[in-house]
Amino acid sequence: MSVELPEAQILAEQMNKEIRGKQIKSYRLRDYERLQKIGFLNKDLKSFDQLLNGKIELVKSRGNVILVKLDNGTNLLLAPEYGGIVLYHMSEDTVPKNHHLRVNFTDNTSLTVRLTGMGCIYALKDDELEQNYLYRRDFSDIISPVDDKEFTFERFSKLLANNNKVLKSVLVGKNAVVVGLSNSSYQDIIYRAGLHPKRKASELSEEEKLALYNATKLVLEERIRGGGKDQFIDLYGKQGGYTPAMGSNMKQHACKVCGTPIEKLSIGGGDTYFCPKCQK
Ligand SMILES: [Zn+2]
């Protein structure tokens, strides 16, 4: 149910289609105390009052973060990255009992947000955005691998050449050269690129760098086209259809390409599943 880059992009696109131009009439927060305590929600709930009467100007995503921009200088920042559901409702019938935030529009449609893991729901003024850690992390200068203008092979290749760390640290986490890749995408990508998890970026040949670049694009494109990862629920309640080619779902299975049993390595905080034969 995690919402990573591909899923955040799917939600942002669907939200743009459904709620852009709509005006916020009211909101309701429920069961928020725990979220607030751990910093997943504004300390001062009155911040959400700023959203009232605002019209949705645009919804955009970068990395794992979704930004709902209003025409009154405020924003709703959503990042259900370790689990969450954002749903759009045409009527009362589909509104789930369990949600943390409900936003009602003047045309009687609504949006609900529920976090089931780490993430955030924040109401922020334009000038407060930079103070939010997740906004700063993902709306950054780091290249977005789904932006064709930013993510060119030339740029990616240079970043790899200058990095002597293992692929995990190069692709995922706070020192990654691209924004928004998770441990799940990383395992999927290096498997498809045929690269062993112990390989270091700066040691890759030109051909291997190209394979990594193409695999990154392919995994993200397929995951977006497939409606998100298999546990993900989109804005309309539809489940995603993308199953990673490699990852924890392949535990105790054989490689689909060569039949070799899948192995596991602990690398850079977290497990990496891989095929010892296909990945060199
Ligand atoms: Zn294999």
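Residue numbers start at 1 and run along the sequence shown.
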Hey, are the side chains of [X] and [Y] touching, using non-hydrogen atoms and a 4.5 Å cut-off?
| X | Y | result |
| --- | --- | --- |
| F232 | L11 | yes |
| Y213 | F151 | yes |
| E130 | R136 | yes |
| Q14 | I10 | yes |

Derivation of the side chain to side chain donor-acceptor pair (under 3.5 Å) call for E150 and S144 = CA-CA 7 Å; E150 294 178 15; S144 166; 4.8 Å; no
Do the side chain of [X] and the main chain of [Y] share a donor and acceptor less than 3.5 angstrom apart?
| X | Y | result |
| --- | --- | --- |
| N162 | K158 | yes |
| S2 | E4 | no |
| N104 | T109 | no |
| D44 | S47 | no |
| Q36 | L41 | no |
| Q279 | G194 | no |
| N16 | V59 | yes |
| T216 | L212 | yes |
| N64 | L5 | yes |
| E128 | K125 | yes |

Hey, can you tell me if Y88 and Y236 have their rings parallel, tilted or perpendicular (30° and 60° cut-offs)?
->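 Correct class here is perpendicular.
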Would R225 and E222 satisfy salt bridge (charged side-chain N to carboxylate O under 4.0 Å, His left out), going step by step from the backbone distance to the final call?
-> CA-CA 5 Å; R225 210 180 315 125; E222 282 192 6; 5.4 Å; no
To the nearest 0.5 angstrom, please state how far the [atom1] atom of [X] sits from the [atom2] atom of [Y].
| X | Y | atom1 | atom2 | answer |
| --- | --- | --- | --- | --- |
| L78 | L134 | CG | CG | 11.0 Å |
| I189 | L195 | CD1 | CG | 11.0 Å |
| I56 | K69 | CD1 | NZ | 11.5 Å |
| T74 | D127 | OG1 | CG | 11.0 Å |

For [X], I'd like to know if atom [atom1] has over 12 heavy atoms of other residues, nucleotides or ligands within 6.0 Å.
| X | atom1 | value |
| --- | --- | --- |
| Y82 | OH | no |
| K22 | NZ | yes |
| R30 | CZ | yes |

Exercise: identify the closest heavy-atom pair between [X] and [Y]:
| X | Y | result |
| --- | --- | --- |
| V86 | P80 | CG2-CG, 4.2 Å |
| G237 | I233 | CA-CG2, 3.5 Å |
| R20 | E57 | NE-O, 3.1 Å |
| V170 | A201 | CG2-CB, 3.7 Å |
| I190 | P197 | CD1-CA, 3.8 Å |
| P244 | K229 | CG-CE, 3.9 Å |

Side-chain donor-acceptor pair under 3.5 Å between [X] and [Y], yes or no?
| X | Y | result |
| --- | --- | --- |
| D188 | Y242 | yes |
| S110 | H89 | no |
| S205 | E207 | no |
| S202 | N164 | no |
| N72 | Q50 | no |
| N75 | D126 | yes |
| N108 | K25 | yes |
| Q9 | S61 | no |

Derivation and outcome, ring pair (Phe, Tyr, Trp, His ring centres under 6.0 Å), residues Y122 and Y135 | CA-CA 10 Å; Y122 265 81; Y135 179 86; over 10 Å; no
Hydrophobic clustering (ILVMFWY, side-chain heavy atoms < 4.5 Å, transitive) - are [Y] and [X] grouped together?
| X | Y | answer |
| --- | --- | --- |
| I19 | V113 | yes |
| L58 | L111 | no |
| F105 | L101 | yes |

Evaluate salt bridge (charged side-chain N to carboxylate O under 4.0 Å, His left out) for E203 paired with K198, printing each intermediate quantity in order.
-> CA-CA 11 Å; E203 293 167 2; K198 282 194 175 158; over 6 Å; no
Take D148 and K217 through the salt bridge (charged side-chain N to carboxylate O under 4.0 Å, His left out) test and state the conclusion after the steps.
-> CA-CA 9 Å; D148 289 338; K217 287 181 78 120; 3.3 Å; yes
R223 with E7: basic N within carboxylate O range, under 4.0 Å =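 Looking at E7 together with R223, the answer is yes, because their closest N to O distance falls below 4.0 Å.
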Output yes when R137 and E81 qualify as a salt bridge under the 4.0 Å nitrogen-oxygen rule, no when they do not.
->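 Looking at E81 together with R137, the answer is yes, because their closest N to O distance falls below 4.0 Å.
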Could you list all the side-chain hydrogen bond (donor to acceptor under 3.5 Å, both in side chains) pairs where at least one residue sits in residues 167-177, not counting sequence neighbours?
->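 The answer is K168-N183.
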Atom pairs and distances, donor-acceptor, side-chain atoms in residues 256-278, under 3.5 Å, two or more places apart:
| unit_1 | atom_1 | unit_2 | atom_2 | d |
| --- | --- | --- | --- | --- |
| S266 | OG | D271 | OD1 | 3.3 |
| T272 | OG1 | Y186 | OH | 3.3 |

